[in-house]
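Worksheet: one structure, shown below.
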Amino acid sequence: MNEPTTALGLEGGAVDEFRKRLAKLDAMREAGVEPYPVRFDRTATAGELHERFDALEPGSETDEVVRVAGRMLLRRDQGKLVFATLRDGGDSIQLFVSRSVVGDALFEAFGELDLGDWIGVEGTVMTTRKGELSVRVSSFQLLSKALRPMPDKWHGLTDVDVRYRQRYVDLIANDDARRVFTVRFDAISALRECLLAKGFVEVETPVLHAVAGGATAKPFVTYHHALDTDLFLRVAPELYLKRLIVGGFDKVFEIARVFRNEGLSTRHNPEFTMLELYAALVDYNDIARLTEEMIADAAQRSIGTTRVEWDGHDIDLTPPFRRATMIDLIREHAHVEMHPSMPVADARAICDSFGVPWQADWGSGKLMLEVYEKTTEHALVAPTFVMDYPREVSPLARVHRDDPMLTERFELIVAGRELANAFSELNDPVDQRRRFEAQARLKALGDDEAQGVDDDYLRALEFGMPPCGGLGIGIDRLVMLLAGVTSIREVILFPHLRPEVQ
RNA sequence: GCGCCUCUAGCUCAACUGGUUAGAGCAACGGACUCUUAAUCCGUUGGUUCCGGGUUCGAGUCCCGGGGGGCGUACCA
């Protein structure tokens, strides 16, 4: 008998089970049957059969010959009759296997199958006396042998460590895991199609950056041997996308995996997905309208409604969302008047009164943001566009047309969490250079999240970038909201975990 | 990073204040059964109690160290 060569993580009884199943493989091959055949002609999926035949009366027989394939997850043995549940995609179909129909040899072979095996069957469509749609099997073949036992057929797999590390098993055992990812895929498709329909083009920009810019975040560093230089994994695609606006693509977007070398939590994974888009000739008010339309559309097309319940809150994603300035919202929730132009001493006093720690080099704009985050952001449950951020904390946003201390920037807050960030883009290369240099000074003072000066980006702006609105949406957080889950690991197929130890 | 919690059979869970040989359901194996739905019924196998030390006559249980995971918190999206 072959020894298991890949018995990773198997112990005790599981090794015996593994060996038993390997022995079945050997026996099949000796009998001239290939346990991993190369293909199977399927004529129907379980879902299609339900669509076509769910109206059949109990006890019906048809002449409809079908070939279905899937993973056998349950078996109910009645002696000379066996019922089995075949799982195919997200659907199931029952198999009706009668000794008198398939003959003794095939019937015995069916008994040799293990739960978890992939099989292909041919048979006719029928319903049982109790009305369960089934395939009356006339023949079957093994399509792939499962060497490892499936999780508990009733309780499934609940150990979150195993669920995340072995997502394939999670997807087999837990319907809800499949549901959550279906929401994710549908939402992303909806966002993409919505943008394509509006004339946006989907682009791909570099993941390896010489200068990590476009967001204040700590990057991952890697090393290019041939070039003998450090490179950074991108923290945002922003600066490349705006180069494309300079180049004359009027409307671009990218669904971008970005990487930030920061802590892990139920809201943070080291790599996550952002949708960023830029459109020439529009401002942040246009972008706000686009944002609420896109999010409502994604909700409608992924979960069929714009009303969601999340973490105990009822949230209505039906546009239009509330729009309010940060200054007004601070007044509303903290009952204080703040403005980036106020004396720093006054702003510090307000921070002190709310127990917000501050640093000596922060101006009133940064202090105002801190007060907002402490007192207001978490209270914004219904979707809210928080408008007009201080210039001091917005190095890439255009100065507000009516107030030189503010920028034309909004964040969309839902359930107290940031879902999107957008602004009328800064396209004045002289101003942009000054703001980069301010960031570079912070970096030199030890702020490892500050951005460096990106000279090539400045050069691009010097060729002239048209007026432009830009948006970033945190896809993982949007999906959490839509799927009703509170951990980001539930919406990332393979979330980052420490390496598995043996 | 820090704090709290957690880890028992392949899976889901038991095991009073430390006390015989660590149990049950599912899965697996053997048997019965031609309309089941987590099929049922009878029987059997399966354990490095995460790892390493320690205390004790005796440790799954208590202590120390290490590892994995969860939650909270900090940084952040």
Side-chain angles (χ1 to χ4, degrees), chain A residues 7 9-21 24 58-59 73-85 92 94-102 107 111 114-116 126-134 136 146-166 169-170 172-174 214-218 235-236 258-276 357 373 377 411-413 417-421 447-449 472-478 480 486-489 495 497-502:
Chain A
L10 289 180
E11 289 166 17
V15 174
D16 294 341
E17 181 63 25
F18 198 90
R19 287 180 180 155
K20 267 183 225 162
R21 296 193 186 193
K24 286 185 184 176
L73 287 182
L74 297 172
R75 181 163 57 191
R76 297 173 290 281
D77 200 324
Q78 289 290 306
K80 297 188 180 66
L81 174 65
V82 173
F83 296 93
T85 301
S92 300
Q94 176 166 270
L95 305 180
F96 183 103
V97 187
S98 165
R99 186 168 205 131
S100 63
V101 172
V102 299
F107 194 77
D114 291 296
L115 295 187
M126 59 167 281
T127 56
T128 63
R129 287 174 201 163
K130 290 190 179 160
E132 176 84 17
L133 183 65
S134 307
R136 177 185 294 275
L147 295 177
R148 293 173 183 254
M150 294 295 117
D152 190 283
K153 66 187 180 187
W154 181 243
H155 297 98
L157 182 66
T158 60
D159 183 326
V160 288
D161 184 15
V162 180
R163 286 187 48 232
Y164 296 156
R165 285 189 199 281
Q166 302 177 36
V169 184
D170 189 31
I172 293 168
N174 297 322
T216 50
K218 190 170 172 182
V235 296
V258 300
F259 306 84
R260 298 191 184 176
N261 203 345
E262 291 157 359
L264 289 76
S265 78
T266 51
R267 292 175 292 283
H268 302 87
N269 196 62
E271 51 181 303
F272 63 101
T273 304
M274 289 180 67
L275 184 157
E276 284 203 5
E373 286 180 350
E377 188 174 75
E411 287 194 356
L412 172 62
I413 307 297
R417 297 175 173 209
E418 179 188 340
L419 208 60
N421 183 17
D447 183 348
D448 52 13
E449 290 181 356
I473 296 179
I475 294 295
D476 309 280
R477 289 188 177 175
L478 174 62
M480 287 167 66
T486 54
S487 171
I488 197 170
R489 297 194 178 106
L497 300 172
R498 285 187 170 78
E500 195 168 2
V501 288
Q502 282 301 303

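Order of the sequence lines fixes the chain letters, A, B, ..., with proteins taken first and strands second; residue numbering starts at 1 for each chain.
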Can you tell me how far [atom2] of [N] sits from [atom1] of [X], to the nearest Å?
{"X": "D152(A)", "N": "rU12(B)", "atom1": "CG", "atom2": "P", "answer": "8 Å"}
{"X": "E373(A)", "N": "rA74(B)", "atom1": "CD", "atom2": "C1'", "answer": "13 Å"}
{"X": "R129(A)", "N": "rC35(B)", "atom1": "CZ", "atom2": "C1'", "answer": "5 Å"}
{"X": "L74(A)", "N": "rC35(B)", "atom1": "CG", "atom2": "C1'", "answer": "16 Å"}
{"X": "L81(A)", "N": "rC35(B)", "atom1": "CG", "atom2": "P", "answer": "6 Å"}
{"X": "R75(A)", "N": "rA28(B)", "atom1": "CZ", "atom2": "P", "answer": "7 Å"}
{"X": "D77(A)", "N": "rC33(B)", "atom1": "CG", "atom2": "C1'", "answer": "8 Å"}
{"X": "D170(A)", "N": "rU12(B)", "atom1": "CG", "atom2": "P", "answer": "11 Å"}

Item to check | salt bridge (Lys or Arg N to Asp or Glu O under 4.0 Å) partners for D114(A), two or more places apart | outcome: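 Counting only residues at least two positions away or on another chain, D114(A) forms a salt bridge (Lys or Arg N to Asp or Glu O under 4.0 Å) with R21(A), K24(A), K145(A).
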Checklist entry - If each of I488(A) and R99(A) is mapped to the nucleotide of RNA chain B with the nearest heavy atom, which maps nearer the 5' terminus, i.e. the 5' end? => result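 Its nucleotide being nearer the 5' end, the pick is R99(A).
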Next on the checklist: Nearest heavy atom decides the nucleotide; on that basis, is F83(A) or G156(A) closer to the 5' end of RNA chain B?
Outcome noted: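 Per heavy-atom nearest nucleotide, the more 5' residue is G156(A).
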Checklist outcome for this item: Checking rA77(B), rC35(B), rC11(B) against the side chain of L157(A) (C-beta onward), the nearest is rC11(B)
Next on the checklist: Using the side-chain heavy atoms of S98(A), tell me which of these nucleotides is nearest: rU34(B), rA77(B), rC11(B).
Outcome noted: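 For the S98(A) side chain, the nearest candidate turns out to be rU34(B).
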Item to check | Trace of the side chain to side chain contact (heavy atoms under 4.5 Å, CB included) decision for V162(A) with L157(A) | outcome: CA-CA 8 Å; V162(A) 180; L157(A) 182 66; 3.9 Å; yes
Separation of the [atom1] atoms in [N] and [M], to the nearest angstrom:
{"N": "rC13(B)", "M": "rG60(B)", "atom1": "C1'", "result": "14 Å"}
{"N": "rC63(B)", "M": "rU56(B)", "atom1": "P", "result": "16 Å"}
{"N": "rU6(B)", "M": "rG47(B)", "atom1": "P", "result": "27 Å"}
{"N": "rA27(B)", "M": "rU12(B)", "atom1": "C1'", "result": "11 Å"}
{"N": "rG54(B)", "M": "rA15(B)", "atom1": "C1'", "result": "24 Å"}
{"N": "rU40(B)", "M": "rC26(B)", "atom1": "C1'", "result": "14 Å"}
{"N": "rU21(B)", "M": "rG25(B)", "atom1": "P", "result": "23 Å"}
{"N": "rU20(B)", "M": "rU61(B)", "atom1": "P", "result": "14 Å"}

Item to check | Derivation and outcome, side chain to side chain contact (heavy atoms under 4.5 Å, CB included), residues T486(A) and T266(A) | outcome: CA-CA 7 Å; T486(A) 54; T266(A) 51; over 6 Å; no
Given [N], is OP1 or OP2 found less than 4.0 Å from the side-chain N or O atoms of [X]?
{"X": "K20(A)", "N": "rG46(B)", "result": "no"}
{"X": "K153(A)", "N": "rA27(B)", "result": "yes"}
{"X": "T158(A)", "N": "rU12(B)", "result": "yes"}

Next on the checklist: Quiz question: going by heavy-atom distance under 3.5 Å, is there a donor-acceptor pair between the base of rA27(B) and the side chain of E17(A)?
Outcome noted: no
Pair partner, [N] [Watson-Crick or wobble, under 3.5 Å]:
{"N": "rA15(B)", "answer": "none"}
{"N": "rC2(B)", "answer": "rG72(B)"}
{"N": "rU20(B)", "answer": "none"}
{"N": "rG47(B)", "answer": "none"}
{"N": "rC35(B)", "answer": "none"}
{"N": "rC62(B)", "answer": "rG54(B)"}

Protein N or O to nucleotides 69-72 of chain B N or O, pairs below 3.5 Å:
unit_1: rG69(B); atom_1: OP1; unit_2: R165(A); atom_2: NH2; d: 3.1
unit_1: rG69(B); atom_1: OP1; unit_2: R498(A); atom_2: N; d: 2.9
unit_1: rG69(B); atom_1: OP2; unit_2: R498(A); atom_2: NH1; d: 3.1
unit_1: rG70(B); atom_1: OP1; unit_2: R489(A); atom_2: NH1; d: 3.0
unit_1: rG72(B); atom_1: OP2; unit_2: T266(A); atom_2: OG1; d: 3.4

Base, sugar-phosphate alone, or nothing: which one does [X] contact when heavy atoms must sit under 4.0 Å apart?
{"X": "L264(A)", "result": "base"}
{"X": "G472(A)", "result": "nothing"}
{"X": "N261(A)", "result": "nothing"}
{"X": "E418(A)", "result": "sugar-phosphate"}
{"X": "G263(A)", "result": "base"}

For the residue pair [X] and [Y], what are the closest heavy atoms and their distance?
{"X": "S487(A)", "Y": "Y164(A)", "value": "OG-OH, 4.2 Å"}
{"X": "R165(A)", "Y": "R498(A)", "value": "NH1-O, 2.7 Å"}
{"X": "V82(A)", "Y": "D77(A)", "value": "CG2-OD1, 3.7 Å"}

Checklist entry - What do you reckon, do F272(A) and the base of rA77(B) stack, with centroid distance below 5.5 Å and planes below 30°? => result yes
Next on the checklist: Between T158(A) and D152(A), is there a side-chain heavy-atom distance shorter than 4.5 Å?
Outcome noted: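 Counting from C-beta outward, D152(A) and T158(A) never come under 4.5 Å.
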Checklist outcome for this item: dist Q94(A):CD -> R136(A):CZ (nearest 0.5 Å) comes out at 11.5 Å
Item to check | Between CD1 on residue I172(A) and CE on residue M150(A), distance to nearest 0.5 Å | outcome: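 If we round to the nearest 0.5 Å, I172(A):CD1 and M150(A):CE are 5.0 Å apart.
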Item to check | Verdict with supporting geometry, V235(A) and V258(A), side chain to side chain contact (heavy atoms under 4.5 Å, CB included) | outcome: CA-CA 5 Å; V235(A) 296; V258(A) 300; 5.7 Å; no
